[in-house]
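Numbers restart at 1 for each chain; the letters A, B, ... are given by sequence-line order, proteins then strands.
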Protein chains: 2
Amino acid sequence: MPATVSDCINMLDSETKAVETPEDHAEELRLWLRLLTCTTLIEGEVRGRLRQRFDVTLPRFDLMAQLDKAPDGMTLSDVSKRMMVSNGNVTGLVERLVESGHLDRRTSETDRRVQVIRLTKLGRAEFRRMAAEHEIWIADLFADLTPKDVRELMRLLAKTKASAQKSAGRRRA
Amino acid sequence: MPATVSDCINMLDSETKAVETPEDHAEELRLWLRLLTCTTLIEGEVRGRLRQRFDVTLPRFDLMAQLDKAPDGMTLSDVSKRMMVSNGNVTGLVERLVESGHLDRRTSETDRRVQVIRLTKLGRAEFRRMAAEHEIWIADLFADLTPKDVRELMRLLAKTKASAQKSAGRRRA
DNA sequence: GGGAAACATTTTAGGCTTAAAGCAATTTGG
DNA sequence: CCAAATTGCTTTAAGCCTAAAATGTTTCCC
């Protein structure tokens, strides 16, 4: 409990500081740009290798990766949440992968709104083949990081994710 | 030049090690997924806020951010390299931003292949207004990180970027 | 039971993005 | 000097992606 009027003023100050005395957020901004650069760089590299080696796009690969972890299949909503993309996006992606024979899609017996998708035999075989190489590419891209670096990055990124989720929640609230 | 057959075999071994004795790259894979999750999360949040508050897309904002740092303008190639996107992408983006009055575009006097683009007065004013809020959003998204966390992340991401660039170079070579 | 709300998915309209091919201007090497 | 390579940009074709509206289905609750 604040003891004096001056204490109260100090508290107010600290809470509204960002508005009244615009702080220096340059460090966070630089961090965000660096994070984005790293991701874009690696993503572009992986995209190119997938295209050259297997003539497959990254979104297709990502979708198959989700399904590979779910032998009993997933609903489109599940996929959409996991991949953090819109529903409509998944609809189109699935459409093309069913067309090419990599996915199997059926309406749920118990809920006719729901579509359940699975990898076909072909889809699973092709994914496994691609995933094996993909894993090596990733290891190579991160090759200069020590195991300690990796652990530390994991920890800090987990903290970053939590912070961002909290902030996103604050906005939606 | 390898001197013996055994040297050759050793070279082969070291080059194909990952295939012959499959190493555990699960940690790197997890790290990559976490990196991607963080970026996607923050990027989506920023995209949504830009749309809601200013009815502007993220790529447009990014392009304007590049130009704001270059009062004398940039060529399309420069922009394309900085933003790490394809040339054709920039062409379309610039087209729309010229159309909306945010960018000024002129052919270089000295090299008629080159297009130089600049922010217009309107473009600069709007960008500055957006950037001020954007900076606060970013600070808020990273709010739970201590200054030490930020420094450490900067360091590790710099190392990651260097590692990835080296790996990308190896492939192109 | 029946209407309202919630849910899963698709559709729509518009924009973003890429790789590859094409065009024009410039630079380079013989 | 001039042909060949390079450079800067645009075009093309295809696919990715989003937000918002639309459709059909199920659940909730009175």
**Item:** B:Arg49 CZ to D:dA19 P, straight-line distance once rounded to whole Å
**Value:** 14 Å
**Upstream residue (5' side of DNA chain D) when B:Gly48 and B:Asp78 are each assigned their closest nucleotide** =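 The answer here is B:Asp78.
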**Request:** Let me see the working for B:Ser86 and B:Asn89 under side chain to side chain donor-acceptor pair (under 3.5 Å), right down to the final yes or no.
**Result:** CA-CA 5 Å; B:Ser86 67; B:Asn89 190 353; 4.8 Å; no
**Asked** Under the side chain to side chain donor-acceptor pair (under 3.5 Å) criterion, do A:Ser80 and A:Asn87 qualify, and how do the steps go?
**Response** CA-CA 6 Å; A:Ser80 154; A:Asn87 286 346; 3.0 Å; yes
**Asked** Heavy-atom contacts under 4.0 Å between residues 54-62 of chain A and DNA chain C, which residues?
**Response** none
When you look at [atom1] of [X], are more than 12 heavy atoms from neighbouring residues, nucleotides or ligands closer to it than 6.0 Å?
X: B:Arg105; atom1: CZ; value: yes
X: A:Lys159; atom1: NZ; value: yes
X: A:Arg82; atom1: CZ; value: no

**Prompt:** Would you say B:Thr37's side chain and B:Leu33's backbone share a donor-acceptor pair under 3.5 angstrom?
**Reply:** yes
Using the rule that Ile, Leu, Val, Met, Phe, Trp and Tyr join whenever any side-chain heavy atoms are under 4.5 Å apart, tell me whether [X] and [Y] fall into a single cluster.
X: B:Leu157; Y: B:Leu41; answer: no
X: B:Val114; Y: B:Leu67; answer: no
X: A:Val116; Y: A:Met74; answer: no

**Asked** Near DNA chain D, which residues from residues 79-102 of chain B have a heavy atom under 4.0 Å away?
**Response** B:Asn87, B:Gly88, B:Thr91
**Asked** Heavy-atom contacts under 4.0 Å between residues 107-119 of chain B and DNA chain D, which residues?
**Response**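 DNA chain D contact set from residues 107-119 of chain B: B:Arg113, B:Val114, B:Gln115.
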Solution key, residues 44-62 of chain A side-chain donor-acceptor pairs under 3.5 Å, sequence neighbours excluded:
from, atom 1, to, atom 2, distance (Å)
A:Glu45, OE2, A:Arg49, NE, 3.3
A:Glu45, OE2, A:Arg49, NH2, 3.3
A:Glu45, OE2, B:Arg171, NE, 2.6
A:Glu45, OE2, B:Arg171, NH2, 3.2
A:Arg49, NH2, B:Ser167, OG, 3.3
A:Gln52, OE1, B:Arg171, NH1, 3.4
A:Arg53, NE, A:Glu133, OE1, 3.1
A:Arg53, NE, A:Glu133, OE2, 3.0
A:Arg53, NH2, A:Glu133, OE2, 2.2
A:Thr57, OG1, A:Arg60, N, 3.4

**Request:** Would you sort out whether A:Leu153 and A:Lys148 count as a side-chain contact (heavy atoms from CB on, under 4.5 Å), showing the intermediate values?
**Result:** CA-CA 8 Å; A:Leu153 260 178; A:Lys148 189 185 163 201; over 6 Å; no
**Prompt:** Among all residues two or more places apart in sequence or in another chain, which pass the side-chain contact (heavy atoms from CB on, under 4.5 Å) test with A:Thr110?
**Reply:**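 Here the qualifying residues are A:Ser108.
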**Request:** For A:Arg51 and for A:Thr75, find the nucleotide of DNA chain C with the closest heavy atom, then tell me which residue's nucleotide is more 5'.
**Result:** A:Thr75
**Fill in**
The first and last nucleotides of DNA chain C lying within contact of chain B, meaning any atom under 4.0 Å from one of its heavy atoms, run from C:dG15 to C:dT26
**Prompt:** Is there a side-chain contact between B:His134 and A:Leu29 (heavy atoms, below 4.5 Å)?
**Reply:**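 A side-chain contact under 4.5 Å exists here.
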